[in-house]
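The figures that follow rest on heavy atoms only: side chains count, while hydrogens, waters and symmetry mates do not. Every chain is numbered from 1, with letters handed out A, B, ... down the list of sequences.
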Amino acid sequence: MKKELFEIISNDIAAENIFKMELSGDTSAITAPGQFINIELQGYFLRRPFSVCDWEDYKLTIYYKVVGKGTAEMSCMKPCESLDVLIGLGNGYNLAASGDRPLLIGGGAGIPPLFGLAKRLIEERKQPEVILGFNTYMEMFLVEEFQNLGIKTTITTADGSHGTKGFVTDAMADKNYSYIYTCGPEAMLKAVYEKSISSGEFSFEERMGCGFGACMGCTCRTKYGNKRICKDGPVLRKEEIIW
Amino acid sequence: MKKELFEIISNDIAAENIFKMELSGDTSAITAPGQFINIELQGYFLRRPFSVCDWEDYKLTIYYKVVGKGTAEMSCMKPCESLDVLIGLGNGYNLAASGDRPLLIGGGAGIPPLFGLAKRLIEERKQPEVILGFNTYMEMFLVEEFQNLGIKTTITTADGSHGTKGFVTDAMADKNYSYIYTCGPEAMLKAVYEKSISSGEFSFEERMGCGFGACMGCTCRTKYGNKRICKDGPVLRKEEIIW
Amino acid sequence: MVDTSVELNGIKFQNPVIPASGTFGYGYEFAHWYDINCLGAICIKGTTKEPRFGNDCPRIAEGPSGILNAVGLENPGIHKVLDEELPKLRHIYHQPIIANISGFSKDEYVYCCAKADESPLVDIIEVNISCPNVHNGGMSFGTSPESAGEITKAVKTIVHNKPVYIKLSPNAMDIAAIAKSCEEAGADGISLINTFLAMRIDIKKKKPILANVTGGLSGPAVFPIALRMVWQVYEAVRIPIIGIGGISTADDVIEMMLAGATAVQVGAANLKNPYACKKIIEDLPSAMERYGIKSLKSIIGGGH
Amino acid sequence: MVDTSVELNGIKFQNPVIPASGTFGYGYEFAHWYDINCLGAICIKGTTKEPRFGNDCPRIAEGPSGILNAVGLENPGIHKVLDEELPKLRHIYHQPIIANISGFSKDEYVYCCAKADESPLVDIIEVNISCPNVHNGGMSFGTSPESAGEITKAVKTIVHNKPVYIKLSPNAMDIAAIAKSCEEAGADGISLINTFLAMRIDIKKKKPILANVTGGLSGPAVFPIALRMVWQVYEAVRIPIIGIGGISTADDVIEMMLAGATAVQVGAANLKNPYACKKIIEDLPSAMERYGIKSLKSIIGGGH
Ligand SMILES: Cc1cc2nc3c(=O)[nH]c(=O)nc-3n(C[C@H](O)[C@H](O)[C@H](O)COP(=O)(O)OP(=O)(O)OC[C@H]3O[C@@H](n4cnc5c(N)ncnc54)[C@H](O)[C@@H]3O)c2cc1C
Ligand SMILES: Cc1cc2nc3c(=O)[nH]c(=O)nc-3n(C[C@H](O)[C@H](O)[C@H](O)COP(=O)(O)OP(=O)(O)OC[C@H]3O[C@@H](n4cnc5c(N)ncnc54)[C@H](O)[C@@H]3O)c2cc1C
Ligand SMILES: Cc1cc2nc3c(=O)[nH]c(=O)nc-3n(C[C@H](O)[C@H](O)[C@H](O)COP(=O)(O)O)c2cc1C
Ligand SMILES: Cc1cc2nc3c(=O)[nH]c(=O)nc-3n(C[C@H](O)[C@H](O)[C@H](O)COP(=O)(O)O)c2cc1C
Ligand code: FES
Ligand code: FES
């Protein structure tokens, strides 16, 4: 965990209400895909948490959906503006558990961290496959980037405007996988949990006071005791989750 | 009174802790020298009031002293940033009352409005003379500008580092004048009031809630009833002042 | 087309947005900025029996997201307000007028309310038992259920023609109990909240900034507390509530109505931006559409 | 060289800056960010007799210049805190430790305070009779002079070795009367304030954001109210005051001390910026020089 200044490299619309922001700054605090950053916004008391989509030395990418005042304000930011960021937050996904053919399942604004994960799984010579769920065609993002990694990419849309009509779970049935990594709305996580035949890891969201474990603002119950989503999570192992 | 967006043209240091800021925007609401503007600053609830030093179509100048958080933040602003400004506030000085040889007396951060006044008096073919009081040499500003108007400019400094050592009132004794216009710290205004042999106008400061007459946040007693410094002032006639 | 109208005690408001007492002069001054007939209603500056200068200056200080004021009920007295100020307002303004009545004794409240009741220019009487800025003044009446009920009863005995709203202080422990006591004493509605007793110290001078030492805090800073109080009072009473405290956007209006307000007052926001009420009113329809609200009336208390 | 040290009940603090209960975990977590030995003291998370999960999530919401929390006293219970958490902290930290004790009954307060009194790792006991986030919980003890005095007396009867500070709720009408009652019952100091009962509503879902419906507001928004309360309590009691509420800069510390605080606690600011306390401590000397303050001790109550 570090507190760093980042500079906006680009901040462009990627799909309906979804923006891609590239930031430059010290990324050395990131230790695993699935971790997040917490961004200070002028005029707002709380920072805003976003999953790291991808990173390299001195550069990282996030994708964010405009859902409220803070994200609306972010969407107006310009290159060269700087942001105060807490980085390297959360546990992130455990790559070692993946097995050979992990299945990555993402829904909407939960998709970004799976991209960084997929890249690193490939680097470790695994064969990940991915299911991406969207509401509708207009909200699709990151699809090409996944395809460019050369991995099998299945799309579902709730309204059938692209790919399989339905939810990500509708595309799970015929898959053969060693492990599941997933991130998305809680209802989706739960459906995936119930449908999944392997072990896996589930990334959760919660409103956060600090994002680094100080305030107990984000605690959830697990089979192995209380866990703070921000510090002991956001990724929980399937075995510990209590719904 | 209008609410307008202004853009910063320049924002440079003019003396120790004193900055000159030039703004471009619609100045048509200004009706008299001695009026002020009220600037919104991001992150502060209240606007900050500053006297208009000088103005023309689409341009105005203020001088401000860094005394607290708001003015410190202003000193870091850059050209092209825009400011939300209420303009044309207050009554301003009454030029018609000046007589032929008005004496203008300004102290420190109270000097700026006298410059716009002097210019307009000259335009009306009066012969203003000015006394400018500072604490010390390093804090002197606007002196050359007054001299360039071709009017007699007397300087006093409290520590004697330039001009007459002492206060503005020490330089008043030998002057011959038809009317007094003054602006500065309240102690100075009172000293000038007591020493002055003519009628005149005194510009006051008060902490303001609105700056345009709505909140009764700045009311003072005068011989002719309550007056709001922001709307019925900041300029009061000598005859109405109650100390 | 969405419907922004609301109704308080049979009086129809074209929208729920009312500038709050003390932040909008006597209304007509704002006609310089915009046509004030767009407002839901206007609540005028707090009025006492006799003219008052109020407190010495400085009367204003600043806090994070808020303003402190210690105006101390400066006003020309009820007679001049009814005879001179309100006619000037009525001349250019055709929506409801709320008279805000303050006082230092039960008799003074009764006297002023009786006058306001007689005036054809007043539509609603708001009894301010919550001003923190005058010594031995209104606030003490507003901090216990008993005294709040007592003032309400006294006023209701002599007001025959107009709804009476009691404006409560947030500097109280159990706001719901106080509201309930007012309801039982016959109040037609509750306005809440007034300002929080607060202060600032000038570090350079090592002295309080306000000449009055303390003042009342209002503005966005207090919104979450005001919202909670409206929520609690809504659960305690059946009479309408005017929600006040930190409102500065159309979203704030909607949130306050979901908590239980039938209308809202906007105070400090007018001082920062003279167009605040107009802008909120203009923003309401699109905000309503964004949240799928067809009629504002339908969301009152909708968060419960 | 300026002198930032202060003294509370004979215990010397190198500076008056203390992270507030609930915003700094058990302290050792912050050692990741900086050497926590720069702090004046540490006040640990509120502790009850039994382990508590606290409230359901969401526990956090936002307001202008502030945060709402409804954590609800999540903690592993007094035994685990004293036996496991504090040793971990003491291992790396050599300044005073303040134990924040919460409870649901007089017996629980007494039990936990007795344990804290025995522990060699606790220097000061802060009794939190002001938590707004637990039902039938602490806050009700802290809103009347009688119950506050009763808890104080009970605790003081069994604590023999350590100063006892009573932490008051701002959700009270007459904070000075409550503080006075605690003083009379033997309190060694007063901590104020805890958070303001507040709420937010999710406009999209038309439901309260917090699972607990209401939560406690803190952060810069409340600073002017906290300052006023410290000012009033300073005029009412002679025991030292720890000023809390919205402090986020060195200037805020000085202002709070001028109002009457001997030390201060910094809460919400730690959550926004993990370095907040460190930065305030580093900024103090230059702020003191700017205002001509040689010794912080000398300005306590200096605004009166
Ligand atoms: C670990 C984590 C990773 C996330 N990663 C992403 C991502 O990669 N892309 C993305 O689009 N979104 C992500 N989110 C959600 C994102 O944080 C919220 O959408 C965002 O904070 C909303 O801010 P706002 O000001 O627009 O909304 P508002 O509703 O105006 O915000 C009000 C408050 O609620 C909080 N809040 C609102 N929604 C959420 C939420 N869903 N989760 C947590 N806090 C919330 C805000 O942070 C803020 O404190 C993530 C959340 C978490 C916890
Ligand atoms: C009509 C008028 C004209 C002015 N013209 C000038 C000018 O031309 N040049 C100049 O340098 N200064 C001028 N001032 C003073 C200037 O407004 C303050 O110095 C400035 O507001 C301080 O802001 P701050 O945030 O730095 O100080 P802070 O002390 O941090 O401000 C806190 C609050 O106090 C208010 N405040 C502090 N000092 C004053 C003051 N002296 N008068 C009014 N409000 C104050 C601020 O506006 C703010 O609301 C004028 C004031 C008035 C009323
Ligand atoms: C400058 C000022 C003057 C006020 N005067 C009065 C008053 O005379 N009578 C009254 O009932 N409330 C008065 N109030 C309180 C407001 O009407 C309102 O209740 C309070 O400011 C909270 O709303 P806000 O947060 O939108 O400002 C005043 C508030 C301010 C800021
Ligand atoms: C997330 C959070 C948790 C808190 N938990 C406690 C607690 O356990 N015990 C307690 O006495 N106060 C608790 N408080 C209150 C703080 O200690 C402090 O009194 C309050 O936040 C005001 O200070 P601030 O404005 O600096 O945050 C908590 C505050 C926050 C924000
Ligand atoms: S958000 Fe503070 S502990 Fe998780
Ligand atoms: S500042 Fe509001 S009336 Fe003058």
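Among the candidates A:C210, A:G211, A:C218, the residue making the largest number of heavy-atom pairs closer than 4.5 Å to chain D is A:C210. Contact count versus chain D (heavy atoms, under 4.5 Å) is highest, among A:G225, A:A214, A:G68, for A:A214. Among the candidates A:G213, A:G43, A:C220, the residue making the largest number of heavy-atom pairs closer than 4.5 Å to chain D is A:C220.
Interface remark: A:L86 contributes side-chain atoms only to the contact with chain D (heavy atom separation under 4.5 Å). When heavy atoms are compared at a cutoff of 4.5 Å, D:F53 approaches chain A by way of both its backbone and its side chain. Both the backbone and the side chain of D:P274 come within contact range of chain A, with heavy atoms under 4.5 Å apart. If you measure heavy-atom distances from D:I203 to chain A, you find no contacts under 4.5 Å at all. With a 4.5 angstrom heavy-atom cutoff, D:A268 touches chain A via backbone and side-chain atoms both.
Between A:Y179 and A:Y181, the ring centre distance stays below 6.0 Å. Outside the 6.0 Å centre-distance limit, the rings of A:F19 and A:F141 are not counted as a close aromatic pair.
A:I18 contributes atom CD1, which lies 12.0 Å from atom OG of A:S75 (distance to the nearest 0.5 angstrom).
For the pair A:M208/A:F36, a side-chain contact is recorded, criterion being any heavy-atom separation below 4.5 Å from C-beta on. Counting heavy atoms from C-beta outward, D:L284 and D:V17 have side chains that approach closer than 4.5 Å.
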Assess whether salt bridge (Lys or Arg N to Asp or Glu O under 4.0 Å) is satisfied between A:K78 and A:E81, documenting all intermediate values. CA-CA 6 Å; A:K78 303 247 170 326; A:E81 286 186 48; 5.8 Å; no
Check the pair A:L95, A:L117 against side chain to side chain contact (heavy atoms under 4.5 Å, CB included), reporting the backbone distance first and the verdict last. CA-CA 8 Å; A:L95 271 81; A:L117 173 65; 4.2 Å; yes
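Around atom CZ of A:F167, no more than 12 heavy atoms belonging to other residues, nucleotides or ligands sit under 6.0 Å away.
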Would you list the atom pairs in which one atom of chain A and one of chain D form a donor-acceptor pair under 3.5 Å?
unit_1, atom_1, unit_2, atom_2, d
A:M1, O, D:H32, NE2, 2.8
A:Y44, O, D:K272, NZ, 2.8
A:F45, N, D:E62, OE2, 3.1
A:F45, O, D:K272, NZ, 3.1
A:L46, N, D:E62, OE2, 2.8
A:R47, NE, D:K272, O, 2.5
A:R47, NH2, D:K272, O, 2.9
A:R48, NH1, D:E62, OE1, 3.4
A:R48, NH1, D:E62, OE2, 3.1
A:R48, NH2, D:E62, OE1, 2.8
A:V67, O, D:K204, NZ, 2.5
A:A214, O, D:G25, N, 3.2
A:M216, O, D:R59, NH1, 2.7
A:T219, OG1, D:R59, NH1, 3.3
A:T219, OG1, D:E74, OE1, 2.6
A:T219, OG1, D:E74, OE2, 3.4

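A donor-acceptor contact under 3.5 angstrom links the side chains of A:E22 and A:S10, judged on distance only. No side-chain N or O of A:D54 forms a donor-acceptor pair with one of A:Y63 less than 3.5 Å apart.
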